[in-house]
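Just follow the structure's listing: the first ligand is 1, and inside any ligand the first atom is 1. Note that the structure is a prediction, hence the values are computed from the model and not measured.
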Amino acid sequence: MTPIAIYYHPVFLEHETGEHPENKKRLVVATRVLKESGLELDWVTPEPAPVSAVARIHDPEYIELIRRVAEEGGGWMDMDTIVSPRSFEAALTAAGAGIAAVERALETKQKAFLLVRPPGHHACRSRAMGFCLFNNVAVAAAHALDGLGVGRVLIVDWDVHHGNGTQAAFYGDRRVLFFSMHQAGHYPGTGMAREVGVEEANGFTMNVPLQPGCGDGAVRLAFDSLLLPVARAFRPELVLVSAGYDSQRGDMLGGLSFSEGAFQWMAACLSELGGEIGAAGPVCALEGGYVPEMEARSIVATLRGMEGEKPEFERTATTDEHADVREALEEARPYWQGVL
Ligand SMILES: [Zn+2]
């Protein structure tokens, strides 16, 4: 089996955020733990993305603004998103990792994990948000669709926060099936079950907001009853994941309680799905996760899942978990008749 590619560049450590929870220690610990894991991995050093590829998702004026702020020494883009002198280069390289990983996944079926920062899924067309500058997953998906002629892309977002930037990028685009599980009412406030897409893309966005405390029962139920049946019907050619680990029990910024095994199981399910329908990927991009040692162990679990090591994962949903997944299911059902 081809080893999983890990896309990593030292410039990701030069995106300086100081005492911020999203800091370079996350990647310092993750690279060490991955190297100690005993997994056979293919370490790849990505190039910066061409600005034209980032401009499929972001306004050129916004890209230029980030470049200028970095060049002038840095500054705050919003109350929690910082640009440092090397952040533009780091953000372009994080987006470039997605582009390279998608190209290689489509060509050779090699799976990949992007060990990148800054993260991306909150970044909007012309706005930095929630520690994110450029939307790495959205840029990768747009490159596959508009640069490489792919017809359908599945994006799964398991970060504790809703991937609002990714949702907005493809809200009216039925070539992308976007599925997000996140904590209800948490930052950034979007991602309600009734947000299902617009016009011809109705039903191609699926949001599963979960009450605080929800965990593995919701993961199992949402995948089995909603995501996997719809994904099989959608038949993506490429599977991307916004892999955030702040949804894990004990994270300092989240209130959900996914276990390490849940990440391994989800990754294994998505790998299996890819094998079954011939889709490339998964290509997973790191988003949040703010207890570095715990996050690193869960990344290793994700890689084991991607390698096909599917753990025992029988979980019974609690009343809250059941109600939350059912609400999402009811919203999706009219658009997926005969599937759900
Ligand atoms: Zn997050």
Side-chain angles (χ1 to χ4, degrees), residues 12 15 17 19-27 29-30 77-82 90-91 94-95 98 113-124 127-140 155-169 178-192 195 205-215 218-219 222 240-260 262-263 266-267 284-299 301-302 324:
F12 299 146
H15 169 57
T17 55
E19 292 303 301
H20 197 284
E22 199 296 290
N23 60 60
K24 64 183 169 193
K25 188 170 175 229
R26 300 176 59 228
L27 289 196
V29 172
M77 304 309 295
D78 77 355
M79 56 189 272
D80 50 26
T81 312
I82 198 167
F113 196 101
L114 317 181
L115 215 49
V116 296
R117 55 187 292 276
H121 71 155
H122 296 306
C124 295
R127 188 175 166 207
M129 260 184 88
F131 322 161
C132 303
L133 299 178
F134 300 146
N135 194 319
N136 305 318
V137 157
V139 169
I155 304 176
V156 174
D157 187 325
W158 67 50
D159 189 279
V160 79
H161 304 101
H162 179 237
N164 60 301
T166 313
Q167 172 172 302
F178 176 65
F179 172 91
S180 176
M181 267 188 303
H182 46 269
Q183 185 176 332
H186 203 29
Y187 183 88
T190 49
M192 280 173 276
E195 296 167 27
T205 290
M206 297 191 291
N207 283 301
V208 188
L210 299 168
Q211 301 307 306
C214 287
V219 168
L240 302 178
V241 179
S242 267
Y245 296 91
D246 42 12
S247 46
Q248 188 166 5
R249 186 183 308 119
D251 186 86
M252 61 186 274
L253 296 188
L256 294 181
S257 59
F258 294 3
S259 68
E260 195 177 300
F263 298 109
M266 289 190 284
C284 300
L286 183 63
E287 300 285 359
Y290 302 105
V291 181
E293 291 284 344
M294 190 171 85
E295 171 182 52
R297 286 195 301 275
S298 290
I299 294 172
T302 303
D324 289 343

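- No other N/O/S atom of His161 lies as close to the Zn ion (ligand 1) as ND1 does.
- Distances from the Zn ion (ligand 1) show that Asp246 has an N/O/S atom below 2.8 Å.
- The aromatic ring centroids of Tyr290 and Phe131 lie less than 6.0 Å from each other.
- Between His161 and His186, the angle of the ring planes stays under 30°, which puts this pair in the parallel group of the 30/60° scheme.
- The nearest N, O or S atom of His182 is not closer to the Zn ion (ligand 1) than 2.8 Å.
- Separation of atoms CG (Asp157) and NE2 (His162) is listed at 7.5 Å; rounding is to 0.5 Å.
- In this structure a side-chain-to-backbone donor-acceptor pair under 3.5 Å is missing from Ser298 to Glu260.
- Of all N/O/S atoms in Asp159, OD1 sits nearest the Zn ion (ligand 1).
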